[in-house]
Amino acid sequence: MRRLLLPLVFLALLPSCGDGVERKQDIDYFDLSWEKMPDGSLFARGPVLDSGARGAARCWRESKGYDCVYLAENRTGVSNFSVSSEFSEDLPSVILPLPVDDGYSCYDMVLGDIEKISRRGSILTSNNVRENGAWDEGFIHRFMAENGVEGRSDFNCLGVLEIVSRGSLDTLGTSAIDKRAIY
């Protein structure tokens, strides 16, 4: 009993490790402020959660949620932009690290644009577009179905990447990005 009591007394005498204010400020830093665009979509930019990257999101309201395209700007010198898309029931409150864990996404590198399909955060297959040409939509759908990959496969990732690579994160919030050209 004495051995158990001593550690409990020690813990009770420790000063509080924090009142939660610092953590609340950290979370508030990632909160998104949405702007309504002329086409009715919503656009936000901000830091990517748990990352040094900056990001942007553009979402279109659908009957059961939002179709969203995410963009992360990486300043690593190897990759500039990552693009992904997902359907969400609610408007996102933060920009998560990109690309999404499940589905089709793309990013640019010094060696060329890369397409990839991931499942639960692991890359299952990837393609250097400069060397091999872009995957056709049939391959993407078939590969995802055969390998139990959920997530988006029906968006023009490389088209978005090409447009924003000529501009910046803010390009995602302009008329250069049109929903009909993405989905």
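Residues Leu169 and Phe81 meet the side-chain proximity criterion, which asks for heavy atoms closer than 4.5 Å. In this structure, Lys36 and Phe43 have side chains that are not in contact, with every pair of non-hydrogen atoms separated by 4.5 Å or more. Residues Met109 and Asn128 are not in side-chain contact: their nearest non-hydrogen atoms beyond the backbone lie 4.5 Å or more apart.
Nearest heavy-atom pair across Tyr70 and Pro92 is OH-CG, 3.1 Å. Residues Met144 and Ser153 share a closest heavy-atom pair of SD-CB, 3.2 Å. Pairing each heavy atom of Asp90 with each of Tyr66, the nearest pair is C-CD1, 3.6 Å.
For Phe155, the ring pair (Phe, Tyr, Trp, His ring centres under 6.0 Å) partners are Tyr104, not counting sequence neighbours. A search for ring pair (Phe, Tyr, Trp, His ring centres under 6.0 Å) contacts involving Phe139 returns Trp135, Phe143, not counting sequence neighbours.
Side-chain atoms of Ser165 come within 3.5 Å of backbone atoms of Leu161 as a donor-acceptor pair (strictly under, hydrogens ignored). At least one donor-acceptor pair closer than 3.5 Å links the side chain of Asp136 to the backbone N or O of Gly138. Between the side chain of Arg58 and the backbone N or O of Leu172, at least one donor-acceptor pair lies under 3.5 Å. Panel note: side chain Arg119, backbone Asn147; a donor-acceptor pair is recorded below 3.5 Å. Checking side-chain atoms of Thr171 against main-chain N and O of Ser168 turns up a donor-acceptor pair under 3.5 Å. The main-chain N or O of Tyr183 is never found under 3.5 Å from a side-chain atom of Asn156 such that the two would form a donor-acceptor pair. Without hydrogens or angle criteria, Asp113 side chain to Val129 main chain gives no donor-acceptor distance under 3.5 Å.
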side-chain contact (heavy atoms from CB on, under 4.5 Å) between Leu91 and Leu42, intermediate numbers included: CA-CA 9 Å; Leu91 196 60; Leu42 298 165; 3.7 Å; yes
